[in-house]
Protein chains: 2
Amino acid sequence: MKIATWNVNSIRTRLEHVADWLEQNPVDVLCVQETKVVDKDFPHSKFEALSYHTYIYGQKSYNGVALLSKKPLEQVSTGFTSILPELDPIWDEQKRVITGVIDSCRILNLYVPNGSEVGCDKYEFKLGWLTVLRKYLQALLLENPNICMCGDFNIALEDRDIHEKADIKNHIMSSDAERQALKNVLELGFADAFRKFTNEAGHYSWWDYRAMAFRRNMGWRIDHHYLTTELYERAVSCVIDKAPRKLEKPSDHAPVIVEF
Amino acid sequence: MKIATWNVNSIRTRLEHVADWLEQNPVDVLCVQETKVVDKDFPHSKFEALSYHTYIYGQKSYNGVALLSKKPLEQVSTGFTSILPELDPIWDEQKRVITGVIDSCRILNLYVPNGSEVGCDKYEFKLGWLTVLRKYLQALLLENPNICMCGDFNIALEDRDIHEKADIKNHIMSSDAERQALKNVLELGFADAFRKFTNEAGHYSWWDYRAMAFRRNMGWRIDHHYLTTELYERAVSCVIDKAPRKLEKPSDHAPVIVEF
DNA sequence: GCAAATGTAG
DNA sequence: CTACATTTGC
(Lines give C-alpha, C1' and ligand atoms only; values in the text may rest on other atoms or scores of the structure.)
Protein backbone atom coordinates (compact mmCIF):
# COMPACT_ATOMS: atom_id res chain seq x y z
CA MET A 1 0.00 0.00 0.00
CA LYS A 2 1.25 3.46 -0.93
CA ILE A 3 0.29 6.51 1.13
CA ALA A 4 1.38 9.99 0.02
CA THR A 5 1.25 13.33 1.82
CA TRP A 6 1.33 16.69 0.00
CA ASN A 7 0.72 20.23 1.14
CA VAL A 8 -0.60 21.61 -2.15
CA ASN A 9 -1.04 25.27 -1.08
CA SER A 10 -4.54 25.64 -2.58
CA ILE A 11 -6.16 22.64 -4.24
CA ARG A 12 -7.87 24.86 -6.79
CA THR A 13 -4.70 26.66 -7.88
CA ARG A 14 -2.81 23.34 -7.94
CA LEU A 15 -5.59 21.22 -9.47
CA GLU A 16 -3.73 20.31 -12.67
CA HIS A 17 -0.49 19.58 -10.81
CA VAL A 18 -2.23 17.29 -8.33
CA ALA A 19 -4.33 15.46 -10.94
CA ASP A 20 -1.31 14.96 -13.21
CA TRP A 21 0.75 13.70 -10.30
CA LEU A 22 -1.94 11.23 -9.24
CA GLU A 23 -2.14 9.90 -12.77
CA GLN A 24 1.63 9.36 -12.79
CA ASN A 25 1.68 8.14 -9.19
CA PRO A 26 -1.49 6.15 -8.53
CA VAL A 27 -1.02 5.90 -4.76
CA ASP A 28 -3.70 4.22 -2.66
CA VAL A 29 -4.26 7.32 -0.55
CA LEU A 30 -3.15 10.92 -1.05
CA CYS A 31 -3.29 13.09 2.08
CA VAL A 32 -3.67 16.73 1.07
CA GLN A 33 -3.09 19.81 3.23
CA GLU A 34 -3.84 23.50 2.74
CA THR A 35 -6.74 22.95 0.37
CA LYS A 36 -7.86 26.54 1.16
CA VAL A 37 -11.39 25.96 -0.01
CA VAL A 38 -14.82 25.61 1.56
CA ASP A 39 -16.40 22.17 1.15
CA LYS A 40 -19.02 23.26 -1.37
CA ASP A 41 -16.29 24.42 -3.78
CA PHE A 42 -13.95 21.42 -3.50
CA PRO A 43 -13.14 20.09 -7.01
CA HIS A 44 -14.44 16.55 -6.44
CA SER A 45 -15.09 15.76 -10.10
CA LYS A 46 -11.46 16.11 -11.16
CA PHE A 47 -10.49 13.32 -8.76
CA GLU A 48 -13.57 11.21 -9.34
CA ALA A 49 -12.57 11.21 -13.01
CA LEU A 50 -9.32 9.55 -11.86
CA SER A 51 -11.35 6.98 -9.85
CA TYR A 52 -10.50 8.50 -6.47
CA HIS A 53 -12.94 8.88 -3.60
CA THR A 54 -12.73 12.25 -1.87
CA TYR A 55 -13.10 13.06 1.84
CA ILE A 56 -12.76 16.69 2.76
CA TYR A 57 -12.62 19.09 5.70
CA GLY A 58 -12.18 22.62 4.45
CA GLN A 59 -12.61 26.28 5.31
CA LYS A 60 -12.30 29.63 3.58
CA SER A 61 -8.80 30.92 2.68
CA TYR A 62 -6.72 28.94 5.17
CA ASN A 63 -5.91 25.38 6.18
CA GLY A 64 -8.21 22.61 4.97
CA VAL A 65 -7.34 18.92 4.57
CA ALA A 66 -8.54 16.12 2.30
CA LEU A 67 -8.13 12.40 1.74
CA LEU A 68 -8.14 11.07 -1.82
CA SER A 69 -8.45 7.30 -1.88
CA LYS A 70 -8.69 4.63 -4.59
CA LYS A 71 -10.82 2.39 -2.38
CA PRO A 72 -13.58 3.81 -0.19
CA LEU A 73 -12.36 4.67 3.31
CA GLU A 74 -14.11 3.50 6.46
CA GLN A 75 -14.68 5.29 9.75
CA VAL A 76 -13.87 8.69 8.27
CA SER A 77 -13.92 11.49 10.81
CA THR A 78 -12.86 15.12 10.84
CA GLY A 79 -11.45 17.31 13.58
CA PHE A 80 -10.34 16.40 17.08
CA THR A 81 -13.77 16.83 18.66
CA SER A 82 -15.43 14.01 16.72
CA ILE A 83 -13.17 11.63 18.72
CA LEU A 84 -12.84 13.79 21.85
CA PRO A 85 -16.29 15.42 22.22
CA GLU A 86 -15.41 16.96 25.58
CA LEU A 87 -12.69 19.06 23.95
CA ASP A 88 -12.91 22.85 23.71
CA PRO A 89 -14.28 23.49 20.18
CA ILE A 90 -11.62 26.13 19.57
CA TRP A 91 -9.26 23.29 18.61
CA ASP A 92 -11.41 22.56 15.55
CA GLU A 93 -12.09 26.10 14.40
CA GLN A 94 -9.18 25.64 12.01
CA LYS A 95 -9.65 22.62 9.76
CA ARG A 96 -6.48 20.56 10.20
CA VAL A 97 -7.45 16.95 10.92
CA ILE A 98 -9.07 14.21 8.83
CA THR A 99 -8.79 10.45 9.19
CA GLY A 100 -10.13 7.21 7.72
CA VAL A 101 -9.43 3.48 7.75
CA ILE A 102 -8.29 1.33 4.85
CA ASP A 103 -7.31 -2.38 5.15
CA SER A 104 -7.31 -2.17 8.97
CA CYS A 105 -4.86 0.73 8.80
CA ARG A 106 -5.90 4.13 10.10
CA ILE A 107 -4.64 6.97 7.94
CA LEU A 108 -4.40 10.25 9.86
CA ASN A 109 -3.85 13.37 7.80
CA LEU A 110 -2.64 16.44 9.73
CA TYR A 111 -1.85 20.04 9.00
CA VAL A 112 -0.01 21.15 12.12
CA PRO A 113 -0.16 24.92 12.82
CA ASN A 114 2.85 26.85 11.53
CA GLY A 115 3.30 28.93 14.69
CA SER A 116 4.58 32.06 12.95
CA GLU A 117 7.48 32.86 15.30
CA VAL A 118 8.86 31.54 18.55
CA GLY A 119 7.05 32.93 21.57
CA CYS A 120 4.05 34.56 19.89
CA ASP A 121 0.39 33.62 20.44
CA LYS A 122 0.33 31.37 17.38
CA TYR A 123 3.41 29.57 18.68
CA GLU A 124 1.64 28.82 21.96
CA PHE A 125 -1.38 27.64 19.97
CA LYS A 126 0.85 25.27 18.02
CA LEU A 127 2.29 23.76 21.22
CA GLY A 128 -1.19 23.43 22.72
CA TRP A 129 -2.46 21.84 19.51
CA LEU A 130 0.27 19.18 19.75
CA THR A 131 -0.77 18.31 23.32
CA VAL A 132 -4.35 17.91 22.06
CA LEU A 133 -3.03 15.73 19.23
CA ARG A 134 -1.37 13.49 21.82
CA LYS A 135 -4.67 12.98 23.65
CA TYR A 136 -6.46 12.40 20.35
CA LEU A 137 -3.93 9.70 19.38
CA GLN A 138 -4.29 7.97 22.73
CA ALA A 139 -7.99 7.63 21.94
CA LEU A 140 -7.36 6.41 18.39
CA LEU A 141 -4.78 3.84 19.51
CA LEU A 142 -7.36 2.15 21.75
CA GLU A 143 -9.19 1.06 18.58
CA ASN A 144 -6.45 1.11 15.96
CA PRO A 145 -3.09 -0.53 16.57
CA ASN A 146 -1.95 0.38 13.04
CA ILE A 147 -1.81 4.11 12.38
CA CYS A 148 -0.10 5.99 9.57
CA MET A 149 0.01 9.58 10.82
CA CYS A 150 1.18 11.86 8.04
CA GLY A 151 0.99 15.42 6.86
CA ASP A 152 2.65 18.79 7.14
CA PHE A 153 4.01 18.88 10.70
CA ASN A 154 5.71 22.27 10.35
CA ILE A 155 8.50 20.81 12.50
CA ALA A 156 11.95 19.56 11.51
CA LEU A 157 12.77 17.14 14.29
CA GLU A 158 16.52 16.96 13.81
CA ASP A 159 19.25 19.29 12.59
CA ARG A 160 19.92 17.02 9.61
CA ASP A 161 16.37 17.87 8.43
CA ILE A 162 17.29 21.52 7.84
CA HIS A 163 19.65 23.12 5.33
CA GLU A 164 20.55 25.98 7.65
CA LYS A 165 22.22 25.07 10.90
CA ALA A 166 22.49 28.59 12.33
CA ASP A 167 20.06 29.87 14.97
CA ILE A 168 17.93 26.74 14.74
CA LYS A 169 16.89 26.99 18.39
CA ASN A 170 15.19 30.34 17.86
CA HIS A 171 13.63 29.47 14.53
CA ILE A 172 10.03 28.45 14.05
CA MET A 173 9.78 24.75 13.08
CA SER A 174 13.01 23.81 14.89
CA SER A 175 12.80 25.28 18.39
CA ASP A 176 13.33 22.98 21.37
CA ALA A 177 9.75 23.31 22.63
CA GLU A 178 8.28 22.38 19.24
CA ARG A 179 10.58 19.40 18.87
CA GLN A 180 9.83 18.26 22.40
CA ALA A 181 6.07 18.61 21.86
CA LEU A 182 6.33 16.42 18.75
CA LYS A 183 8.57 13.88 20.55
CA ASN A 184 5.94 13.65 23.27
CA VAL A 185 3.45 12.67 20.57
CA LEU A 186 5.74 10.14 18.88
CA GLU A 187 6.60 8.57 22.21
CA LEU A 188 3.13 6.97 22.07
CA GLY A 189 4.71 4.50 19.66
CA PHE A 190 5.44 6.17 16.31
CA ALA A 191 8.58 6.10 14.16
CA ASP A 192 9.66 8.21 11.21
CA ALA A 193 9.28 6.12 8.04
CA PHE A 194 11.72 8.29 6.05
CA ARG A 195 14.57 7.68 8.49
CA LYS A 196 14.18 3.90 8.22
CA PHE A 197 15.74 4.18 4.76
CA THR A 198 17.75 7.40 4.60
CA ASN A 199 20.24 8.70 7.13
CA GLU A 200 21.98 11.54 5.36
CA ALA A 201 21.12 15.19 5.64
CA GLY A 202 20.08 17.20 2.59
CA HIS A 203 16.63 15.66 2.00
CA TYR A 204 13.85 18.20 2.28
CA SER A 205 10.11 18.40 1.57
CA TRP A 206 9.57 22.19 1.78
CA TRP A 207 11.43 25.12 0.26
CA ASP A 208 10.40 28.73 0.88
CA TYR A 209 9.15 30.53 -2.24
CA ARG A 210 11.52 33.37 -1.37
CA ALA A 211 15.24 33.79 -2.06
CA MET A 212 15.32 31.03 -4.72
CA ALA A 213 15.38 28.53 -1.87
CA PHE A 214 14.56 25.53 -4.06
CA ARG A 215 17.22 26.24 -6.67
CA ARG A 216 19.74 26.49 -3.83
CA ASN A 217 18.27 23.43 -2.02
CA MET A 218 17.71 25.53 1.09
CA GLY A 219 14.90 23.38 2.40
CA TRP A 220 13.35 21.77 5.45
CA ARG A 221 12.00 18.26 5.97
CA ILE A 222 8.70 19.01 7.69
CA ASP A 223 6.31 16.62 5.89
CA HIS A 224 6.38 13.24 7.55
CA HIS A 225 4.92 9.75 7.84
CA TYR A 226 4.97 8.55 11.43
CA LEU A 227 4.08 4.84 11.68
CA THR A 228 3.11 2.57 14.54
CA THR A 229 5.42 -0.42 15.14
CA GLU A 230 3.93 -3.04 12.87
CA LEU A 231 3.54 -0.63 9.93
CA TYR A 232 7.09 0.63 10.47
CA GLU A 233 8.37 -2.96 10.29
CA ARG A 234 6.41 -3.54 7.08
CA ALA A 235 7.59 -0.31 5.41
CA VAL A 236 9.64 -0.93 2.26
CA SER A 237 10.29 2.64 1.08
CA CYS A 238 9.75 6.30 1.84
CA VAL A 239 10.73 8.89 -0.76
CA ILE A 240 10.31 12.58 -1.51
CA ASP A 241 9.28 13.40 -5.09
CA LYS A 242 10.89 16.73 -5.95
CA ALA A 243 9.56 16.73 -9.53
CA PRO A 244 6.33 18.72 -8.88
CA ARG A 245 8.31 21.43 -7.08
CA LYS A 246 10.13 22.09 -10.41
CA LEU A 247 6.94 22.86 -12.37
CA GLU A 248 5.57 26.30 -13.17
CA LYS A 249 3.72 27.85 -10.21
CA PRO A 250 4.41 24.93 -7.88
CA SER A 251 3.35 24.32 -4.32
CA ASP A 252 6.18 25.14 -1.93
CA HIS A 253 6.00 21.52 -0.69
CA ALA A 254 6.90 18.27 -2.45
CA PRO A 255 4.88 15.06 -2.03
CA VAL A 256 6.30 12.32 0.18
CA ILE A 257 5.34 8.67 -0.43
CA VAL A 258 5.59 5.70 1.94
CA GLU A 259 5.02 2.08 0.90
CA PHE A 260 4.27 -0.74 3.33
CA MET B 1 -0.28 56.57 -42.40
CA LYS B 2 -2.12 54.33 -39.92
CA ILE B 3 -2.88 55.54 -36.41
CA ALA B 4 -4.50 53.19 -33.89
CA THR B 5 -6.01 53.84 -30.45
CA TRP B 6 -6.45 51.14 -27.82
CA ASN B 7 -7.36 51.24 -24.16
CA VAL B 8 -5.44 48.13 -23.07
CA ASN B 9 -6.50 48.11 -19.39
CA SER B 10 -2.98 47.49 -18.01
CA ILE B 11 -0.08 47.33 -20.45
CA ARG B 12 1.67 44.72 -18.31
CA THR B 13 -1.30 42.35 -18.11
CA ARG B 14 -1.97 42.84 -21.83
CA LEU B 15 1.66 42.80 -22.98
CA GLU B 16 1.39 39.68 -25.15
CA HIS B 17 -1.95 40.79 -26.67
CA VAL B 18 -0.56 44.21 -27.59
CA ALA B 19 2.74 42.91 -28.95
CA ASP B 20 1.01 40.20 -30.99
CA TRP B 21 -1.48 42.73 -32.34
CA LEU B 22 1.29 45.17 -33.33
CA GLU B 23 3.10 42.38 -35.16
CA GLN B 24 -0.10 41.56 -37.09
CA ASN B 25 -1.04 45.23 -37.49
CA PRO B 26 2.16 47.24 -37.93
CA VAL B 27 0.50 50.65 -37.62
CA ASP B 28 2.66 53.76 -37.70
CA VAL B 29 1.51 54.92 -34.28
CA LEU B 30 -0.38 53.08 -31.54
CA CYS B 31 -1.99 55.32 -28.91
CA VAL B 32 -2.38 53.37 -25.67
CA GLN B 33 -4.56 54.27 -22.68
CA GLU B 34 -4.81 52.88 -19.15
CA THR B 35 -1.25 51.61 -19.04
CA LYS B 36 -1.61 51.51 -15.21
CA VAL B 37 2.12 51.51 -14.63
CA VAL B 38 4.72 53.93 -13.32
CA ASP B 39 7.29 55.02 -15.90
CA LYS B 40 10.17 53.03 -14.41
CA ASP B 41 8.21 49.76 -14.87
CA PHE B 42 6.95 50.35 -18.43
CA PRO B 43 7.83 47.33 -20.63
CA HIS B 44 9.85 49.28 -23.22
CA SER B 45 11.93 46.34 -24.42
CA LYS B 46 8.99 44.32 -25.71
CA PHE B 47 8.10 47.14 -28.11
CA GLU B 48 11.67 48.05 -28.96
CA ALA B 49 12.05 44.41 -30.07
CA LEU B 50 9.26 45.15 -32.56
CA SER B 51 11.13 48.29 -33.71
CA TYR B 52 8.77 50.71 -32.00
CA HIS B 53 9.82 53.85 -30.17
CA THR B 54 8.02 54.36 -26.86
CA TYR B 55 6.85 57.61 -25.26
CA ILE B 56 5.13 57.26 -21.92
CA TYR B 57 3.27 59.18 -19.23
CA GLY B 58 2.26 56.84 -16.45
CA GLN B 59 1.25 56.62 -12.81
CA LYS B 60 0.57 53.92 -10.26
CA SER B 61 -2.60 51.78 -10.63
CA TYR B 62 -4.74 54.14 -12.67
CA ASN B 63 -4.74 55.98 -16.00
CA GLY B 64 -1.44 56.32 -17.86
CA VAL B 65 -0.98 56.86 -21.62
CA ALA B 66 1.70 55.94 -24.13
CA LEU B 67 2.63 56.47 -27.76
CA LEU B 68 4.28 53.61 -29.66
CA SER B 69 5.71 54.77 -32.96
CA LYS B 70 7.66 53.15 -35.81
CA LYS B 71 9.44 56.40 -36.58
CA PRO B 72 10.73 58.69 -33.84
CA LEU B 73 8.19 61.33 -32.83
CA GLU B 74 9.00 65.02 -32.61
CA GLN B 75 7.84 67.65 -30.12
CA VAL B 76 6.61 65.04 -27.66
CA SER B 77 4.95 66.51 -24.60
CA THR B 78 2.90 65.16 -21.71
CA GLY B 79 0.06 66.66 -19.73
CA PHE B 80 -1.87 69.87 -20.29
CA THR B 81 0.51 72.04 -18.28
CA SER B 82 3.49 71.55 -20.59
CA ILE B 83 1.52 73.55 -23.21
CA LEU B 84 -0.50 75.68 -20.77
CA PRO B 85 1.95 76.41 -17.92
CA GLU B 86 -0.44 78.80 -16.20
CA LEU B 87 -2.94 75.98 -15.66
CA ASP B 88 -3.78 74.64 -12.19
CA PRO B 89 -1.54 71.56 -11.79
CA ILE B 90 -4.49 69.50 -10.53
CA TRP B 91 -5.41 68.90 -14.19
CA ASP B 92 -2.24 66.86 -14.63
CA GLU B 93 -2.29 64.87 -11.40
CA GLN B 94 -3.93 62.09 -13.39
CA LYS B 95 -1.82 61.07 -16.38
CA ARG B 96 -4.19 61.28 -19.35
CA VAL B 97 -2.49 63.32 -22.11
CA ILE B 98 0.49 62.63 -24.38
CA THR B 99 1.24 64.06 -27.81
CA GLY B 100 3.90 64.02 -30.51
CA VAL B 101 4.39 65.01 -34.15
CA ILE B 102 5.02 62.72 -37.11
CA ASP B 103 5.17 63.89 -40.76
CA SER B 104 3.77 67.32 -39.81
CA CYS B 105 0.78 65.65 -38.15
CA ARG B 106 0.25 66.08 -34.44
CA ILE B 107 -0.98 62.89 -32.77
CA LEU B 108 -2.83 63.61 -29.53
CA ASN B 109 -3.55 60.62 -27.32
CA LEU B 110 -6.21 61.15 -24.63
CA TYR B 111 -7.73 59.17 -21.81
CA VAL B 112 -10.78 61.25 -20.90
CA PRO B 113 -12.01 60.77 -17.30
CA ASN B 114 -14.81 58.23 -16.95
CA GLY B 115 -16.92 60.37 -14.62
CA SER B 116 -18.39 57.49 -12.61
CA GLU B 117 -22.02 58.67 -12.52
CA VAL B 118 -23.99 61.71 -13.60
CA GLY B 119 -23.83 64.53 -11.08
CA CYS B 120 -21.08 63.27 -8.79
CA ASP B 121 -17.72 64.98 -8.17
CA LYS B 122 -15.95 62.86 -10.76
CA TYR B 123 -18.59 63.83 -13.31
CA GLU B 124 -17.92 67.51 -12.65
CA PHE B 125 -14.20 66.80 -12.98
CA LYS B 126 -14.82 65.17 -16.36
CA LEU B 127 -16.74 68.21 -17.63
CA GLY B 128 -14.06 70.56 -16.31
CA TRP B 129 -11.35 68.42 -17.91
CA LEU B 130 -13.07 68.78 -21.28
CA THR B 131 -13.11 72.58 -20.98
CA VAL B 132 -9.38 72.45 -20.23
CA LEU B 133 -8.92 70.17 -23.26
CA ARG B 134 -10.60 72.82 -25.40
CA LYS B 135 -8.15 75.49 -24.25
CA TYR B 136 -5.26 73.09 -24.75
CA LEU B 137 -6.37 72.38 -28.33
CA GLN B 138 -6.69 76.08 -29.10
CA ALA B 139 -3.00 76.40 -28.16
CA LEU B 140 -1.99 73.35 -30.19
CA LEU B 141 -3.90 74.51 -33.26
CA LEU B 142 -1.85 77.73 -33.38
CA GLU B 143 1.20 75.63 -34.32
CA ASN B 144 -0.38 72.48 -35.81
CA PRO B 145 -3.08 72.72 -38.46
CA ASN B 146 -3.16 68.89 -38.75
CA ILE B 147 -4.18 67.12 -35.57
CA CYS B 148 -5.29 63.54 -35.07
CA MET B 149 -6.90 63.57 -31.62
CA CYS B 150 -7.67 60.03 -30.55
CA GLY B 151 -8.13 57.90 -27.48
CA ASP B 152 -10.72 56.71 -25.02
CA PHE B 153 -13.18 59.62 -24.74
CA ASN B 154 -15.58 57.81 -22.41
CA ILE B 155 -18.37 59.52 -24.36
CA ALA B 156 -20.73 58.11 -26.99
CA LEU B 157 -21.69 61.20 -28.94
CA GLU B 158 -24.82 59.85 -30.63
CA ASP B 159 -27.52 57.34 -29.80
CA ARG B 160 -26.40 55.11 -32.67
CA ASP B 161 -23.10 54.67 -30.80
CA ILE B 162 -24.80 52.78 -27.96
CA HIS B 163 -26.49 49.37 -27.89
CA GLU B 164 -28.97 50.43 -25.21
CA LYS B 165 -31.28 53.26 -26.02
CA ALA B 166 -33.09 53.44 -22.66
CA ASP B 167 -32.22 56.08 -20.06
CA ILE B 168 -29.32 57.39 -22.12
CA LYS B 169 -29.72 60.92 -20.80
CA ASN B 170 -29.02 59.85 -17.23
CA HIS B 171 -26.22 57.44 -18.08
CA ILE B 172 -22.54 58.23 -17.73
CA MET B 173 -20.90 58.52 -21.18
CA SER B 174 -24.11 59.65 -22.88
CA SER B 175 -25.57 62.48 -20.79
CA ASP B 176 -26.37 65.77 -22.50
CA ALA B 177 -23.74 67.74 -20.59
CA GLU B 178 -20.99 65.29 -21.54
CA ARG B 179 -22.02 65.28 -25.19
CA GLN B 180 -22.20 69.06 -25.23
CA ALA B 181 -18.79 69.40 -23.59
CA LEU B 182 -17.30 67.16 -26.29
CA LYS B 183 -19.14 69.00 -29.07
CA ASN B 184 -17.68 72.26 -27.74
CA VAL B 185 -14.24 70.70 -28.22
CA LEU B 186 -14.94 69.34 -31.71
CA GLU B 187 -16.38 72.67 -32.80
CA LEU B 188 -12.76 73.91 -32.95
CA GLY B 189 -12.59 72.04 -36.25
CA PHE B 190 -12.59 68.26 -35.68
CA ALA B 191 -14.63 65.54 -37.35
CA ASP B 192 -15.20 61.88 -36.44
CA ALA B 193 -13.14 59.70 -38.80
CA PHE B 194 -15.28 56.59 -38.18
CA ARG B 195 -18.48 58.30 -39.32
CA LYS B 196 -16.90 59.32 -42.63
CA PHE B 197 -17.19 55.66 -43.65
CA THR B 198 -19.88 54.01 -41.54
CA ASN B 199 -23.33 55.31 -40.81
CA GLU B 200 -25.13 52.35 -39.26
CA ALA B 201 -25.54 51.72 -35.57
CA GLY B 202 -24.16 48.56 -33.96
CA HIS B 203 -20.46 49.39 -34.18
CA TYR B 204 -18.82 49.57 -30.75
CA SER B 205 -15.32 49.81 -29.29
CA TRP B 206 -16.02 48.97 -25.63
CA TRP B 207 -18.03 46.21 -23.96
CA ASP B 208 -18.38 45.91 -20.18
CA TYR B 209 -16.73 42.80 -18.74
CA ARG B 210 -19.98 42.07 -16.89
CA ALA B 211 -23.18 40.41 -18.07
CA MET B 212 -21.54 38.80 -21.12
CA ALA B 213 -21.83 42.19 -22.81
CA PHE B 214 -19.44 41.33 -25.65
CA ARG B 215 -21.12 38.04 -26.53
CA ARG B 216 -24.43 39.94 -26.70
CA ASN B 217 -22.81 42.91 -28.55
CA MET B 218 -24.02 45.25 -25.83
CA GLY B 219 -21.32 47.83 -26.43
CA TRP B 220 -20.54 51.51 -26.70
CA ARG B 221 -18.47 53.41 -29.26
CA ILE B 222 -16.35 55.60 -27.00
CA ASP B 223 -12.88 55.29 -28.61
CA HIS B 224 -12.52 57.82 -31.37
CA HIS B 225 -10.28 59.54 -33.91
CA TYR B 226 -11.21 63.18 -34.32
CA LEU B 227 -9.40 64.78 -37.27
CA THR B 228 -8.83 68.35 -38.41
CA THR B 229 -10.21 69.21 -41.84
CA GLU B 230 -7.31 68.29 -44.10
CA LEU B 231 -6.67 64.97 -42.36
CA TYR B 232 -10.39 64.17 -42.45
CA GLU B 233 -10.38 64.79 -46.21
CA ARG B 234 -7.36 62.51 -46.61
CA ALA B 235 -8.81 59.68 -44.48
CA VAL B 236 -9.35 56.47 -46.45
CA SER B 237 -10.60 54.12 -43.71
CA CYS B 238 -11.48 53.86 -40.04
CA VAL B 239 -12.21 50.41 -38.59
CA ILE B 240 -12.70 48.73 -35.23
CA ASP B 241 -10.78 45.45 -34.82
CA LYS B 242 -12.90 43.22 -32.59
CA ALA B 243 -10.48 40.27 -32.79
CA PRO B 244 -8.42 41.08 -29.64
CA ARG B 245 -11.62 41.40 -27.59
CA LYS B 246 -12.26 37.68 -28.34
CA LEU B 247 -8.98 36.47 -26.83
CA GLU B 248 -8.52 35.00 -23.36
CA LYS B 249 -8.33 37.71 -20.68
CA PRO B 250 -8.90 40.57 -23.11
CA SER B 251 -9.00 44.30 -22.56
CA ASP B 252 -12.60 45.53 -22.40
CA HIS B 253 -11.79 47.84 -25.35
CA ALA B 254 -11.02 46.97 -28.98
CA PRO B 255 -8.41 48.86 -31.02
CA VAL B 256 -9.63 51.37 -33.62
CA ILE B 257 -7.47 52.17 -36.67
CA VAL B 258 -7.62 55.18 -38.97
CA GLU B 259 -5.68 55.47 -42.22
CA PHE B 260 -5.01 58.76 -44.01
C1' DG C 1 -15.77 41.17 -14.46
C1' DC C 2 -11.42 42.43 -14.32
C1' DA C 3 -7.10 44.89 -12.55
C1' DA C 4 -4.45 46.75 -8.96
C1' DA C 5 -3.44 47.80 -3.99
C1' DT C 6 -3.45 46.55 0.68
C1' DG C 7 -3.22 43.40 4.34
C1' DT C 8 -2.55 38.72 6.20
C1' DA C 9 -0.58 34.31 6.35
C1' DG C 10 2.87 31.23 5.25
C1' DC D 1 7.45 34.67 -3.22
C1' DT D 2 2.58 33.08 -3.37
C1' DA D 3 -2.52 32.74 -2.32
C1' DC D 4 -6.63 34.75 -0.72
C1' DA D 5 -9.89 38.59 0.87
C1' DT D 6 -11.07 43.17 0.58
C1' DT D 7 -11.47 47.67 -1.44
C1' DT D 8 -11.63 50.90 -5.30
C1' DG D 9 -12.31 52.07 -9.95
C1' DC D 10 -14.24 51.47 -14.31
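Predicted model, so just to flag it, every value in this text is computed and none were measured. Reckoned from all heavy atoms, side chains included, excluding hydrogens, waters and symmetry mates.
Across A/Phe153, A/Phe80, A/Tyr123, a single residue satisfies ring-ring contact (aromatic ring centres under 6.0 Å, His included) together with A/Trp129, and that is A/Phe80. Checked options A/Val29, A/Val97, A/Thr78, A/Ile98; the residue passing with A/Asn109 is A/Ile98 (criterion: side chain to side chain contact (heavy atoms under 4.5 Å, CB included)). Checked options A/Leu110, A/Val256, A/Val258; the residue passing with A/Thr5 is A/Val256 (criterion: side chain to side chain contact (heavy atoms under 4.5 Å, CB included)).
Between A/Lys60 and D/dA3 there is no side-chain N or O to OP1 or OP2 distance below 4.0 Å. Note on A/Lys249: every side-chain N or O is 4.0 Å or more away from OP1 and OP2 of D/dT2. Applying the 4.0 Å criterion to OP1 and OP2 of D/dT2, one finds that A/Lys36 has every side-chain N and O outside that range.
The stretch residues 170-182 of chain A has no heavy atom under 4.0 Å from DNA chain D, so no residue of it qualifies as close. For DNA chain D, the neighbouring residues in residues 11-22 of chain A, judged by any heavy atom under 4.0 Å, are A/Thr13, A/Arg14.
In terms of position along DNA chain D, the nucleotide closest to A/Pro250 lies nearer the 5' end than the nucleotide closest to the other residue of the pair B/Tyr111 and A/Pro250. When each of A/Tyr209 and A/Ser61 is assigned the nucleotide of DNA chain D with its nearest heavy atom, A/Tyr209 is the one assigned upstream, toward the 5' end.
A salt bridge does not link B/Lys126 to B/Asp121: none of the charged nitrogens lies less than 4.0 Å from a carboxylate oxygen. Salt-bridge annotation for B/Asp159 and B/Arg179: present, with a side-chain N of the basic residue lying under 4.0 Å from a carboxylate O of the acidic one.
Of all nucleotides listed (C/dG10, C/dA9, D/dG9), C/dG10 comes nearest to the side chain of A/Asn114.
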For side-chain hydrogen bond (donor to acceptor under 3.5 Å, both in side chains), just list the numbers for A/Asn114 and A/Lys122, CA-CA rounded to whole Å, side-chain angles, deciding distance to a tenth of an Å, and then say yes or no.
CA-CA 8 Å; A/Asn114 171 280; A/Lys122 286 174 181 159; over 6 Å; no
B/Tyr136 vs B/Trp91, ring-ring contact (aromatic ring centres under 6.0 Å, His included): CA-CA, chis, key distance, verdict:
CA-CA 11 Å; B/Tyr136 172 83; B/Trp91 297 110; over 10 Å; no
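In this structure, B/Gln59 places its CD atom 18 Å from P of C/dA3, rounding to the nearest Å. Protein atom CZ of B/Phe125 is 15 Å distant from nucleotide atom C1' of D/dC10, rounded to whole Å.
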Donor-acceptor list for residues 41-49 of chain A side chains, cut-off 3.5 Å, not counting sequence neighbours:
| residue | atom | partner | partner atom | Å |
| --- | --- | --- | --- | --- |
| A/His44 | ND1 | A/Thr54 | OG1 | 2.6 |
| A/Lys46 | NZ | A/Glu16 | OE1 | 3.4 |
| A/Lys46 | NZ | A/Glu16 | OE2 | 3.0 |

